[in-house]
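Report on one structure; see the data block that follows.
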Amino acid sequence: MPTTATLSTKSLPTRSKEKGQVIIPKENSATALEVLNFKPLNNKPIRIMDSNQDHSMHRSGAANIFVKNLDKPICNGQLFDIFSAFGRIVSCTIAKDASGQSKGYGFVQFEQEEAAQNAINEMNGMLLNNKPVFVGPFIRKKERQNSLDKTMFSNVFVKNLSESTTNEDLENIFGEYGKITSAIVMREEDGKSKCFGFVNFEIPDDAARAVQELNGQKFDDKEWYVGKALKKPERELVLKKSYYQSAKETVDKDQGLNLYLKNLDDSVGDDELKELFSDFGTITSCKIMRNPDGMSKGFGFVAFSAPEEANRALKDMKGKMVRGKPLYVAPAQRKEDRRASLQARFSQVRPVAMGPGPSVGPRVPMYPPGAPGLGQQIFYGQPPPTLFPPQDLDFSHGSSLEYSLQKHLC
């Protein structure tokens, strides 16, 4: 029973509708999709999909995911490579502007909703080309607008109140912005004010206006915080973001001050290490990492008060013999930066196809043992390594798309 494969591409001649159909035996359709999808035709990659697929799922948005904050060099084929590990992909595209440049976001339509959910769970927040990507369910524009409307709030949280502030005070101050249904100052069991409270408006717009006008204002020499009253999960999310932002700022502040040392003799202690580096400037911290039993792990860190001091130590101490061992000295890196450096190195390794010709395999990046796997950062600065050497489809001398398909499938 033959099946059809639809080519949805802008690589066909400009007078066409940029689509075409090729009928091939059903048993060969998977091979055609695997081998020829995103291959260049007229200097543009073609996209291939089954023409007899169920379009109702595509129209409903089920199993469709939205990916944003993509690095500009990432193309359709590479996005396909990344997400094909989670399940069969029906369509995959990156949005482009009028000049053909990536807009930094795209869409991936899976055949199964379970595959789409797994992709969201595993890939959301992962690093691609050193950029964290957002991966979530595709939401239509009308639904996004409805969701935005639902985020409107009527309950306002106010803190840093003076102990003398009463419910009536809140009613009088916030009542200037609209009708209030309730206003309360939270108190201890003995009646002492907790110095925060809640004000509920009848109309959300009035609540938003009160937040905008009153946040940061001073009452009784106290600067009020006024904002949307958050539920517990929302508060936890805000605190989590704040924590990670603070941690990132701390690390960025110390960038260039901290040195990483390794190949240390087990007998070298913190004091000796500090003495070795003290001639280069003011040391703010010095530590050799140890196992739970107290034995040295053979590496450690030295932090200076200024980047120039760290640079001098790096230049003069690199390779210096300490207890008969050459010392390794390098700028300390965050864990994700070290991983990025390794992955960038691995991305240059291209596996060699075995046998007399290319064999069909999964269109996912191939890495050597020990390289990053699923769920880790993937780097794309060049076409992804696959088992297939890049080929241009030959349509010269009167040959046709059907002939090219037969040539690759035979």
Side-chain angles (χ1 to χ4, degrees), residues 71 122 125-133 236 238-349 365 367-381:
D71 197 27
E122 293 291 335
M126 290 291 102
L127 296 176
L128 299 181
N129 278 16
N130 208 27
K131 294 181 67 174
V133 295
E236 291 175 347
V238 170
L239 289 173
K240 186 177 181 180
K241 288 183 177 179
S242 176
Y243 169 79
Y244 282 120
Q245 181 63 29
S246 177
K248 183 179 183 300
E249 289 174 356
T250 300
V251 171
D252 291 342
K253 182 181 178 182
D254 293 338
Q255 199 74 19
L257 304 176
N258 203 7
L259 297 180
Y260 167 65
L261 320 171
K262 71 175 182 179
N263 203 32
L264 292 167
D265 189 77
D266 291 347
S267 62
V268 176
D270 294 347
D271 293 339
E272 183 178 349
L273 190 64
K274 186 173 183 179
E275 185 178 348
L276 283 170
F277 285 85
S278 60
D279 291 340
F280 301 100
T282 303
I283 295 176
T284 58
S285 68
C286 178
K287 186 175 182 62
I288 290 179
M289 307 309 293
R290 299 184 180 278
N291 293 314
D293 60 3
M295 290 293 294
S296 170
K297 291 185 177 181
F299 71 91
F301 300 90
V302 176
F304 289 89
S305 61
E308 310 82 58
E309 299 170 349
N311 288 334
R312 284 199 303 269
L314 174 64
K315 181 179 178 181
D316 293 350
M317 294 297 291
K318 184 182 292 187
K320 183 181 177 68
M321 299 298 293
V322 179
R323 298 286 177 89
K325 300 176 72 173
L327 186 62
Y328 174 90
V329 186
Q333 292 179 300
R334 291 180 296 178
K335 184 177 180 180
E336 55 267 31
D337 292 335
R338 294 197 306 273
R339 182 188 297 173
S341 177
L342 290 172
Q343 289 169 338
R345 188 184 310 167
F346 281 126
S347 69
Q348 306 301 319
V349 180
Y367 296 102
L374 183 61
Q376 298 184 21
Q377 184 185 175
I378 306 170
F379 271 78
Y380 286 92

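Counting heavy atoms of neighbouring residues, nucleotides and ligands inside a 6.0 Å radius, atom CE of M321 exceeds 12 of them. No more than 12 heavy-atom neighbours from other residues, nucleotides or ligands sit within 6.0 angstrom of NZ on K287. Within 6.0 Å of the CD atom in E236, the count of heavy atoms belonging to other residues, nucleotides or ligands exceeds 12.
Here the shortest heavy-atom pairing between V329 and M317 reads CG2-O, 3.8 Å. Shortest non-hydrogen contact noted between G125 and P132 is O-CB, 4.1 Å. Nearest heavy atom pair, residue T282 against residue E309, reads N-OE1, 3.3 Å. The nearest pair of heavy atoms linking L259 to A313 is CD1-CB, 3.8 Å. Across D71 and L128, no two heavy atoms sit closer than the pair CB-O, 4.5 Å. When all heavy atoms are compared, the tightest approach of D316 to F280 is OD2-CE2, 3.4 Å.
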Can F301 and M289 be said to form a side chain to side chain contact (heavy atoms under 4.5 Å, CB included), step by step? CA-CA 8 Å; F301 300 90; M289 307 309 293; 4.0 Å; yes
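Side-chain contact between N291 and K297: present, with at least one pair of heavy atoms (C-beta onward) separated by less than 4.5 Å. Looking at P307 and L257, their side chains come closer than 4.5 Å, going by heavy atoms from C-beta outward. F304 is not listed as a side-chain neighbour of T284, based on a closest heavy-atom distance of 4.5 Å or more. Put simply, the side chain of L264 reaches to within 4.5 Å of the side chain of L327, judged on heavy atoms. You'll find the side chain of L314 reaches within 4.5 Å of the side chain of P331, heavy atoms only.
With values rounded to the nearest 0.5 angstrom, M295 atom CE is found 11.5 Å from I288 atom CD1. To the nearest 0.5 angstrom, S285 atom OG is 10.0 Å from D270 atom CG. Annotation: the span from L261 atom CG to C286 atom SG amounts to 7.5 Å, rounded to 0.5 Å. Distance CZ/R323 to CG/N263: 13.5 Å, rounded to 0.5 Å.
Taking the six-membered ring where the residue is Trp, F299 and Y260 present tilted rings, their angle falling between 30° and 60°.
In this structure a side-chain-to-backbone donor-acceptor pair under 3.5 Å is missing from N129 to K131. In this structure, the side chain of D265 engages the main chain of S267 through a donor-acceptor pair within 3.5 Å.
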